[in-house]
There are 2 protein chains.
Amino acid sequence: MSTRTTRRSGAAPTRPTIRDIAREAGVSVATVSRVTHDDPRVTGETKQRVQEAIDRLGYTPSSLGRALSYQRTNTLGIVLPGLGGPYFAALIEGAESVAIQRGVAINVLGTHLRPDAAASVRQLAERTDGLIIAGGTLPEQELERLAKTSRIVLVAGESDTAPSVLTDGRAAAEELTRHLIEVHGHRRLQFVGEPAGSPDTTLRYAGFRDALAAHDLAEAGDPLHYGLDVRSGALAARQVHENGALPDALVCANDELAIGLLATLPGLGHRIPADVAITGFDDQSLAEIASPRLTTVHQPVAELGAHAAAGALGDDLASRTVLETRLVIRESCGCAPSDAPSALPGAAG
Amino acid sequence: MSTRTTRRSGAAPTRPTIRDIAREAGVSVATVSRVTHDDPRVTGETKQRVQEAIDRLGYTPSSLGRALSYQRTNTLGIVLPGLGGPYFAALIEGAESVAIQRGVAINVLGTHLRPDAAASVRQLAERTDGLIIAGGTLPEQELERLAKTSRIVLVAGESDTAPSVLTDGRAAAEELTRHLIEVHGHRRLQFVGEPAGSPDTTLRYAGFRDALAAHDLAEAGDPLHYGLDVRSGALAARQVHENGALPDALVCANDELAIGLLATLPGLGHRIPADVAITGFDDQSLAEIASPRLTTVHQPVAELGAHAAAGALGDDLASRTVLETRLVIRESCGCAPSDAPSALPGAAG
DNA sequence: CTGAAAGCGCTAACAA
DNA sequence: TTGTTAGCGCTTTCAG
């Protein structure tokens with residue numbers, strides 16, 4: 001027995017609109033709107049009548065209607081390759097922390113499974129006030145297009161068209177690699193990860209090579225092209241084992257990859273770090289729990305997300321915001337538990 | 001020098017609307033709408049003119065406007081406690097696979113950090129055509145309210161008001177625990193996890209107790225109340241160690257918890273499974289990579305997500321859809337690598 | 001084949 | 001203090 005004015009079929013659930021409330025309370029829609037906005041201009045008595053109608057019918061203003069009227073959705077979009085793994089979870093949490101403060105909802109999109117990533121992102125752009133885009137998910141050309149109508153900020157990547165927040169992965173990787181060479185005397189080092197996979201990995205590989213070059217060392221072998229997850233690490237371990245003659249150290253593109261190696265190599269008869277040193281990147285919580293504990297580079301991932309969120313939501317942002325990293329020496333590089341300082345001074349541009 | 005009719009301040013980026021295109025092409029908005037819908041009724045010549053205007057101005061129909069008009073958002077919402085961890089990532093991927101097929105966007109909400117979860121979910125409900133809700137994230141009363149205006153389906157949980165898709169965690173946990181008791185002769189078993197934490201954990205604990213009861217065994221100690229992540233597992237390990245006198249077996253609420261134990265206990269001088277057996281739950285990829293490899297229960301998590309998505313998007317769904325689980329025997333329970341069948345017949349209601 | 005206009009739920013300027 | 005109304009971007013009957 002609904003009083004709705006329009007087409008309705010049968011049982012589809014329907015929500016009361018502002019007009020329903022207005023009618024129920026015997027006022028105009030404007031008054032209802034004022035009540036939902038706590039506008040002080042509305043009389044106590046009227047206000048109460050409206051509020052009762054609202055409660056009785058269970059009304060909530062449609063955010064769709066509001067968005068259309070406001071020309072603002074109160075939503076922040078986040079574009080990532082995928083949503084697996086602790087790195088992206090941390091990034092999202094960082095963004096979420098500022099979104100919550102500002103009463104903004106979050107909408108994350110994983111492009112990985114979407115056949116047409118660009119189209120999905122455009123869609124998302126329409127439904128949000130700003131976009132955080134992970135480096136490497138979209139071609140520069142598409143970023144340009146998006147930048148025309150949306151406020152976008154890149155995280156862990158760079159672009160000419162949008163501000164970005166990132167860390168100096170290249171310097172950090174170099175520092176890490178230097179440690180392996182200078183402190184532990186390793187000479188045969190190999191990189192694990194797909195250098196072309198993401199801007200982050202590209203930079204880490206570059207830093208790895210910088211360190212080698214500074215010491216006139218050649219790579220012990222081409223990079224082992226693997227993804228950034230634990231399973232890939234396990235696969236890489238098997239390949240390393242089958243190749244025979246392990247390098248002195250394996251520098252992994254991220255922690256998960258390193259953990260995969262760490263967990264698999266011992267079963268194959270290789271001791272870490274005695275036979276081969278392993279390092280990670282990111283300093284996820286797994287790094288500290290692994291055994292041996294993982295030497296890695298700490299990144300303020302949540303802060304990356306928070307800064308990016310603030311920027312995407314309208315705060316002024318330098319065209320390039322670089323956050324500090326910190327080398328974290330544990331045992332997987334060969335340092336003994338005792339002589340391992342828990343942290344060393346950081347590296348960043 | 002925009003031709004927009006309305007208030008515009010300075011440099012805020014603006015998108016062309018259907019009216020801009022209509023004006024540019026010298027037609028009515030209705031015609032433009034038809035072109036964007038490939039309506040065959042529009043003449044080739046006109047159609048081309050409109051299309052050119054669209055391309056020239058870079059127009060894309062506003063999904064907000066469309067949603068308001070259609071009364072449908074083409075978006076699926078997913079409500080989870082948090083977005084960390086492989087379990088939820090897999091769940092989302094399952095849902096995403098059907099969302100992609102149907103040209104629907106996905107919007108996931110992690111309630112964990114949101115101070116007012118219920119309000120956030122209501123908001124989300126307005127912006128979506130259907131909602132997948134993880135068991136335990138919302139009180140029954142709130143589910144009732146949501147069900148009035150949204151199509152909701154529960155995953156890994158149950159409710160009187162909405163259909164649900166889940167596994168029989170209780171039966172699976174019992175089968176797993178029986179294995180520990182009957183095959184390995186363990187007598188002193190303890191549960192790790194917070195039974196009140198989520199419906200899933202509640203059921204697993206119940207199954208654990210069922211098995212003990214069937215053998216007239218008492219718990220070796222109260223459940224160790226820890227979260228469901230790796231770090232919690234490491235903490236639990238420390239507590240177990242400090243309590244002295246380890247139980248024969250530790251039955252963990254999920255794989256991540258188990259992995260945390262697995263990685264930490266050896267460093268504390270306890271060998272697995274010789275000194276203490278460990279089991280997980282879920283069969284995430286880490287389970288196979290851990291050493292010793294983790295005995296656990298396989299759950300079709302992606303399928304849970306896929307079924308739930310289909311239901312939330314309008315497919316008919318039984319009020320209770322139960323998916324099969326499968327006991328996965330590896331080495332952390334004490335089975336030798338050789339005599340461990342990689343899978344055993346499943347348990348499910 | 002095309003256009004005018006009403007309507008989706010809401011806000012805000014303007015009137016009263 | 002309250003109401004009227006135009007408008008946000010789009011779809012869709014109904015005329016023409």
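Each chain gets a letter, A, B and so on, in the order its sequence line appears, and its residues count up from 1.
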Expressed as a whole number of angstroms, how long is the span from [X]:[atom1] to [N]:[atom2]?
{"X": "B/Glu126", "N": "C/dC10", "atom1": "CD", "atom2": "P", "value": "8 Å"}
{"X": "A/Arg19", "N": "C/dG7", "atom1": "CZ", "atom2": "P", "value": "9 Å"}
{"X": "A/Ile54", "N": "C/dC10", "atom1": "CD1", "atom2": "P", "value": "10 Å"}
{"X": "A/Leu57", "N": "C/dG9", "atom1": "CG", "atom2": "C1'", "value": "15 Å"}
{"X": "B/Asp38", "N": "D/dT12", "atom1": "CG", "atom2": "C1'", "value": "17 Å"}
{"X": "A/His37", "N": "C/dC10", "atom1": "NE2", "atom2": "P", "value": "10 Å"}
{"X": "B/Arg66", "N": "D/dC10", "atom1": "CZ", "atom2": "P", "value": "8 Å"}
{"X": "A/Lys47", "N": "D/dT2", "atom1": "NZ", "atom2": "P", "value": "11 Å"}

**Report entry** Cation-pi geometry met for B/Arg72 and B/Tyr70 (6.0 Å, 45°)
**Finding:**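 The answer is yes, since B/Arg72 meets both limits relative to B/Tyr70.
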
Query raised in the report: For DNA chain C, whose closest nucleotide is more 5', that of A/Val29 or that of B/Gly44?
Result: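 The residue closer to the strand's 5' end, by nearest nucleotide, is B/Gly44.
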
Requested in this report: Could you grab the distance from atom CD1 of B/Ile21 to atom CD of B/Gln51, nearest 0.5 Å is fine?
Outcome: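 Between B/Ile21 CD1 and B/Gln51 CD, I get 9.5 Å after rounding to 0.5 Å.
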
Does [N] have its OP1 or OP2 closer than 4.0 Å to a side-chain nitrogen or oxygen of [X]?
{"X": "B/Thr31", "N": "C/dT2", "answer": "no"}
{"X": "A/Gln71", "N": "C/dT11", "answer": "no"}
{"X": "A/Arg41", "N": "D/dT1", "answer": "no"}
{"X": "A/Ser28", "N": "D/dT2", "answer": "no"}
{"X": "A/Tyr59", "N": "C/dC10", "answer": "yes"}

Requested in this report: Give the nucleotide from the list C/dG9, D/dC10, D/dT2 with an atom nearest to the side chain of A/Thr46.
Outcome: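 Minimum distance to the A/Thr46 side chain belongs to D/dT2.
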
**Report entry** 5' precedence on DNA chain D between A/Val42 and A/Leu68 (nearest-nucleotide basis)
**Finding:**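 It is A/Val42, whose closest nucleotide lies nearer the 5' terminus.
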
Query raised in the report: Strictly by modelled atom types, are A/Arg127 and B/Thr73 linked by a side-chain donor-acceptor pair under 3.5 Å?
Result: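 Per modelled atom types, A/Arg127 and B/Thr73 side chains form no pair under 3.5 Å.
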
Query raised in the report: Is a side-chain donor or acceptor of A/Thr128 paired with a backbone partner of A/Leu124 at a separation under 3.5 angstrom?
Result: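 The answer is yes, because a donor-acceptor pair under 3.5 Å joins these two groups.
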
Query raised in the report: Can a donor-acceptor pair under 3.5 Å be found between the side-chain atoms of B/Arg34 and the base atoms of C/dG3?
Result: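 Side chain to base: pair present.
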
**Report entry** Residues, nucleotides or ligands: over 12 heavy atoms within 6.0 Å of B/Asp55 CG
**Finding:**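 Above 12, so yes.
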
Hey, does [X] reach any base, or is it just sugar-phosphate, or nothing, if we go heavy atoms under 4.0 Å?
{"X": "A/Val27", "value": "sugar-phosphate"}
{"X": "B/Thr43", "value": "sugar-phosphate"}
{"X": "B/Ser63", "value": "nothing"}
{"X": "A/Leu64", "value": "nothing"}

Query - Any side-chain heavy-atom pair of A/Arg102 and A/Asp315 under 4.5 Å - result: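 Counting from C-beta outward, A/Arg102 and A/Asp315 do come under 4.5 Å.
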
